[in-house]
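No experiment lies behind these values; they were computed from the predicted model shown. Throughout, a chain's letter reflects where its sequence line sits, starting with A, and its residues are numbered from 1. Only heavy atoms go into these numbers, but all of them, side chains included; no hydrogens, no water, no symmetry mates.
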Amino acid sequence: MDIFSSLNSQQVEAVKTTEGPLLILAGAGSGKTRVITVRIAYLITEKQVAPYNILAVTFTNKAAGEMRERVEVLLKGQKLHSAPLISTFHSLCVRILRQDIENLDEGYKKSFTIYDTDDSQKVVKACLKDLGLDDKQNNPRNIRNAISSAKNRGEDAEMYASKVEYGDGKKAVIAKVFKMYDERLNTANALDFDDLLIKTVKLLRKSPETREKYNDRYKYILVDEYQDTNALQFALISFLTEKQQNISVVGDDAQSIYGFRQADIRNILGFEEHFPDAKVILLEQNYRSTQTILDVAHAIIENNVNQKKKKLWTANPGGERIFYYQAYDADGEARFVASKIEEHQRRSLSDRVAVLYRTNAQSRLFEESLRRMRIAYNIVGGFSFYERAEVKDVIAYLKLAMNPFDDIALLRVINTPTRGLGKTSLDELQNQARSVGSSLWMTITGITDPAFPTAVNLTSRARTALLAFKKTIENLIEKVRELAESDRPVSEVVIAAIEDTGYANSLRLENTDEAQARLENLEELVNAAVDYDRQEENGLRDFVDHAALVSDTDKYDGTAPVTLMTVHMAKGLEFPVVFLVGLEDGIFPHSRSINDPKELEEERRLAYVAITRAEKVLYVTHSMRRRVYGEEIAAEPSQFLNEMPLELIEDLSQSASWLSYARSTTSMTSKAAVSALRGETAPVKPKNIYSGKTYNSSEAIAEFFKKKNVEPQSREDAEESKETVSQPVSSLDSLKGAAVRDETSHSALRTPHSLVPGSHVRHEKYGRGLVLRREGVGDNTKLTVSFPGFGQKKLIEKFANLQKE
DNA sequence: AAGTAAATTTTTTTT
DNA sequence: AAATTTACTT
């Protein structure tokens with residue numbers, strides 16, 4: 001196969017320039033991912049570079065996954081002994097730190113825990129409390145954000161403190177918390193997301209041997225979305241490419257949308273200064289969109305002052321005008337979108353549709369309207385499976401078993417399920433821990449040791465409860481140790497964390513629908529763990545890291561007919577049909593950005609990203625009313641609408657719209673047009689009451705966990721399935737059953753040992769399926785089953801309760 | 001100590 | 001409107 005056949009001359013040059021620093025300025029839709037992937041293939045097949053010497057870094061797991069897939073296709077048939085590492089910044093750092101963090105000499109051990117945003121915020125809250133500060137006046141979330149921003153700028157607690165001006169009380173508080181926060185994380189052997197980058201950079205700076213090691217390992221480095229890199233990421237890349245200088249970066253300053261994460265556009269603008277030998281290649285031909293769509297996008301981005309002037313061109317046909325719809329209220333907007341999607345699907349099923357919004361909170365109405373129209377859709381982001389309380393609880397047990405110093409994990413589970421350790425006892429425990437400056441786990445060990453009776457204000461009941469808890473965790477630790485020494489499946493420990501801790505039983509005793517749903521989620525967690533069984537000794541570690549680092553982003557299914565997501569998530573993707581919704585002042589651009597010219601420019605770039613996702617058809621919609629915090633308020637059209645060339649827009653609104661006024665009026669400003677229009681509108685009609693639960697459900701979760709080589713699948717009308725599947729059944733029978741359950745009723749004993757590949761089975765939730773693979777023996781037998789409409793599932797035979805058909 | 005009722009807050013965007 | 005936190009009861 002000629003890998004160059006589909007490339008233009010600039011793209012070919014970008015692929016063939018393998019040595020030395022290279023900057024590829026790639027406009028939207030200019031085939032940037034294709035260049036990167038072909039480049040990787042070229043290095044391996046033509047330049048004989050060993051795959052493991054290649055590193056490609058992206059920002060999201062979704063981008064990494066997609067790149068991996070495409071490289072795989074290009075390299076199909078080659079007999080390779082290794083694979084290039086295609087990873088996110090954060091995963092790369094975890095990989096390095098799990099090997100070498102001990103060289104950092106900061107007391108961190110390889111078994112470190114990763115704290116997510118939620119965990120970090122809890123630490124901040126605890127710090128405030130211990131500093132005797134009120135968390136009403138000092139919002140923990142804001143403080144956490146301030147610390148995170150500082151870290152991403154490359155500042156540590158000391159640097160931050162030195163910059164606090166006299167009299168700035170707020171910053172003084174942040175500085176204090178910052179210092180304490182870092183100390184806490186250190187004693188807990190925990191790293192937050194930002195630390196992953198920071199500690200890796202520090203390690204590389206400090207240890208020339210480590211630096212050498214990774215320089216020799218990664219001889220060719222590619223960075224995607226380079227315009228979104230921040231100071232830390234830049235430092236990391238600089239260290240890694242120190243020796244070889246074989247760095248190539250791809251980016252587009254017009255698509256920089258992560259300023260809030262301290263992305264520094266100077267990284268891309270100053271690339272040539274930092275690497276004087278750098279070669280620069282421009283990719284300006286757009287292969288994705290119609291000229292009309294590009295013209296609209298260009299008209300908007302032109303309003304940015306800080307922008308390199310450049311214009312994309314396309315050989316694609318001009319295309320139809322973009323469509324516009326003004327809805328009376330947000331519900332009407334959602335109904336319009338759903339009915340148009342239906343229309344599109346009737347015409348041509350193959351055209352994938354995306355509904356893009358500024359904030360996750362906007363998704364609900366669109367979900368509802370699509371559901372009512374019985375249109376299958378896929379939603380990306382929002383609430384993550386791993387953010388569910390029950391999932392976090394069980395993960396916390398696992399984290400604790402691997403790193404008992406993890407105070408946050410310990411606090412999360414010590415009284416979950418309730419063990420009679422209430423606020424009083426826990427306060428005392430924390431006080432005790434603080435007074436000796438050690439972790440809670442060590443403190444518990446001290447308190448419960450009969451040989452060293454400590455003077456603590458604990459009731460004997462609490463002491464007994466602590467002892468029981470300690471035993472529970474020790475058992476779990478033992479399980480983890482056994483696991484590491486044998487080839488036992490990861491799922492076994494996960495089940496132990498659910499069952500042996502009493503967690504599942506307490507849920508069963510609740511006997512409510514909600515508890516039932518939680519149990520189902522935990523079954524999915526066990527199913528997810530099955531996938532890690534083959535990764536031997538680090539399986540559990542990897543599994544928990546995955547839970548911390550992987551968001552719902554990679555739930556994205558590139559073949560789903562309808563996808564709902566935020567504009568941020570849509571970056572790098574393309575769709576034949578795009579709905580850009582909620583184009584209202586305060587929504588898009590967001591109210592938080594409207595007063596700062598810098599941030600407004602970022603919003604504009606965001607709008608540019610959204611528009612350039614569209615290949616053929618673009619709809620832009622807005623509503624005249626919107627509910628904010630439960631109150632319905634008047635909404636004004638986005639200024640971005642006003643920046644679009646009006647002659648390229650076709651108005652689909654049912655009655656007189658902002659657009660028609662804007663067109664007919666030269667004297668009136670568009671804002672005035674809106675007020676004039678509003679004066680004519682009828683009183684608010686009664687709102688359609690629809691209060692069905694819109695999301696959640698285990699099928700969404702099952703979806704999430706599906707890994708590569710799994711049939712993609714959209715979410716079905718969950719409401720209907722809820723009604724028809726009256727008795728929800730899951731793959732993990734043991735978790736669901738009655739609180740007290742006779743062991744002999746385990747499905748393994750009921751299921752005949754005849755589920756060989758090729759046989760047809762029935763699963764109570766997924767329906768009829770075909771057994772594809774059978775692995776393991778006895779209780780550990782795992783089956784890979786393909787369920788039409790649900791894709792492939794890996795199930796533990798013992799728990800799956802499969803009926804032969 | 002645990003469950004319930006009342007009060008308060010929440011919305012950027014992501015690893 | 002919904003979710004989370006706090007205050008109050010048993």
Side-chain angles (χ1 to χ4, degrees), chain A residues 57-64 87-94 114-118 120-121 125 135-136 139-141 145 148 151-152 191-197 225 228-230 232-233 256-263 330 356-365 380-384 386-387 389 415-427 459 461-462 465 506 510 545-554 565-571 582 586-594 599 602-603 605-607 609-610 626-632 687 689-691 693-694:
Chain A
V57 198
T58 64
F59 278 83
T60 62
N61 295 291
K62 159 181 63 84
S87 157
T88 63
F89 275 103
H90 289 83
S91 310
L92 170 68
C93 290
V94 170
I114 302 168
Y115 276 3
D116 63 18
T117 312
D118 203 51
S120 303
Q121 198 174 311
K125 221 172 160 179
D135 63 6
K136 282 271 153 56
N139 184 318
R141 211 171 59 97
N145 285 337
S148 176
K151 284 186 171 184
N152 278 299
L191 299 174
D192 66 21
F193 285 151
D194 308 319
D195 288 338
L196 294 175
L197 272 304
E225 307 284 11
D228 287 329
T229 50
N230 65 27
L232 285 173
Q233 288 149 347
S256 160
I257 56 174
Y258 284 99
F260 68 95
R261 233 164 59 187
Q262 313 305 315
L356 306 181
Y357 34 77
R358 176 70 234 281
T359 66
N360 279 305
Q362 288 165 261
S363 70
R364 213 191 86 237
L365 287 169
V380 181
F383 34 82
S384 159
Y386 290 117
E387 279 164 29
N415 204 30
T416 325
T418 52
R419 296 187 172 87
L421 288 161
K423 198 174 179 305
T424 331
S425 316
L426 290 185
D427 277 349
T459 60
R461 228 176 78 193
S506 89
E510 260 187 57
D545 282 351
H546 174 86
L549 289 176
V550 174
S551 72
D552 270 0
T553 311
D554 46 357
M565 64 183 132
T566 63
V567 179
H568 279 90
M569 297 256 215
K571 191 160 80 147
I587 301 276
F588 199 171
H590 195 270
S591 54
R592 300 272 248 256
S593 312
I594 238 157
E599 288 185 46
E602 179 151 321
E603 294 284 311
R605 289 193 293 270
L606 198 52
V609 168
R626 189 166 294 274
R627 239 170 222 287
V628 181
Y629 297 150
E631 223 184 335
E632 190 141 274
K687 220 183 155 324
I689 307 155
Y690 177 84
S691 56
K693 188 88 181 131
T694 49

Novice: State whether Asn61(A) places a side-chain N or O below 4.0 Å from either non-bridging phosphate oxygen (OP1 or OP2) of dT14(B).
Specialist: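 No, outside the criterion.
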Novice: With sequence neighbours excluded, what pairs up with Lys125(A) under the salt bridge (Lys or Arg N to Asp or Glu O under 4.0 Å) test?
Specialist: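 Checked Lys125(A) against salt bridge (Lys or Arg N to Asp or Glu O under 4.0 Å); zero matches.
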Novice: Return whichever of Ala462(A) or Ile257(A) has its heavy-atom-nearest nucleotide of DNA chain B closer to the 5' end.
Specialist: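 Final value for this comparison: Ala462(A).
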Novice: Could you check whether Ser425(A) gets within reach of a base, just the sugar-phosphate, or nothing at all, counting any heavy atom under 4.0 Å?
Specialist: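 Sugar-phosphate only.
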Novice: Counting only side-chain nitrogens and oxygens, does Thr566(A) get under 4.0 Å of the OP1 or OP2 atom of dT14(B)?
Specialist: yes
Novice: Are any of Thr60(A)'s side-chain N or O atoms less than 4.0 Å away from OP1 or OP2 of dT14(B)?
Specialist: no
Novice: Grab the two heavy atoms, one from Ala570(A) and one from Leu356(A), that are nearest each other, plus how far apart they are.
Specialist: CB-CD2, 3.7 Å
Novice: Taking C-beta and beyond as the side chain, do Ser256(A) and Asp228(A) meet within less than 4.5 Å on heavy atoms?
Specialist: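 Yes, their side chains come closer than 4.5 Å.
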Novice: Could you tell me how far dT6(C) sits from dT11(B) if I compare only their C1' atoms? Round to whole Å.
Specialist: 22 Å
Novice: Over all strands shown, is Glu599(A) touching base, sugar-phosphate only, or nothing at heavy-atom distances under 4.0 angstrom?
Specialist: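 Base contact.
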Novice: Asn360(A) has a side chain; which of dT15(B), dT6(C), dT13(B) sits nearest to it?
Specialist: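 Given the options dT15(B), dT6(C), dT13(B), the side chain of Asn360(A) is closest to dT13(B).
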Novice: Which is true for Thr117(A) with a 4.0 Å heavy-atom rule: it touches a base, it touches only sugar-phosphate, or it touches nothing?
Specialist: base
Novice: Kindly write out the residues that satisfy salt bridge (Lys or Arg N to Asp or Glu O under 4.0 Å) with Glu225(A), not counting sequence neighbours, or none if the list is empty.
Specialist: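 If we apply the salt bridge (Lys or Arg N to Asp or Glu O under 4.0 Å) test to Glu225(A), skipping adjacent residues, the hits are Lys32(A), Lys571(A).
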Novice: Can you say whether a donor on the side chain of Arg358(A) sits under 3.5 Å from an acceptor on the base of dT13(B), or the other way round?
Specialist: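 Checked by distance alone, the answer is yes.
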Novice: Is Phe89(A) touching bases, backbone alone, or none of the nucleic acid, heavy atoms closer than 4.0 Å?
Specialist: nothing
Novice: Taking salt bridge (Lys or Arg N to Asp or Glu O under 4.0 Å) as the definition, give me every residue that meets it alongside Asp194(A), ordered by chain and number, with sequence neighbours left out.
Specialist: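 Here no residue qualifies.
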Novice: So which protein nitrogen or oxygen atoms get under 3.5 Å of nucleotides 7-11 of chain B's nitrogens or oxygens?
Specialist:
from    : atom 1 : to        : atom 2 : distance (Å)
dT11(B) : O3'    : Arg592(A) : NH1    : 3.4

Novice: Base, sugar-phosphate alone, or nothing: which one does Asp116(A) contact when heavy atoms must sit under 4.0 Å apart?
Specialist: nothing
Novice: Please compare Asp194(A) and Gly420(A) by the position of their nearest nucleotide in DNA chain B and report the one closer to 5'.
Specialist: Gly420(A)
Novice: Specify the separation, in whole Å, of atom OH of Tyr386(A) and atom P of dT15(B).
Specialist: 14 Å
Novice: Indicate, with a heavy-atom threshold strictly under 4.0 Å, whether Asn415(A) touches base, sugar-phosphate, or nothing.
Specialist: sugar-phosphate
Novice: By salt bridge (Lys or Arg N to Asp or Glu O under 4.0 Å), which residues pair with Arg419(A), not counting sequence neighbours?
Specialist: none
Novice: Using the C1' atom as the point on both nucleotides, what is the distance between dT4(C) and dT13(B), in whole Å?
Specialist: 22 Å
Novice: Does some side-chain heavy atom of Asn230(A) sit less than 4.5 Å from a side-chain heavy atom of Tyr258(A)?
Specialist: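 No, every pair of side-chain atoms sits at 4.5 Å or beyond.
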Novice: What is the distance, rounded to the nearest whole Å, between atom CD of Glu387(A) and atom C1' of dA3(C)?
Specialist: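 Answer to the nearest Å: 14 Å.
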Novice: Could you list the residues that satisfy side-chain hydrogen bond (donor to acceptor under 3.5 Å, both in side chains) with Thr88(A), not counting sequence neighbours?
Specialist: Ser91(A)
Novice: Return the value, rounded to whole Å, for the distance between atom CG of Asp427(A) and atom P of dA1(B).
Specialist: 10 Å
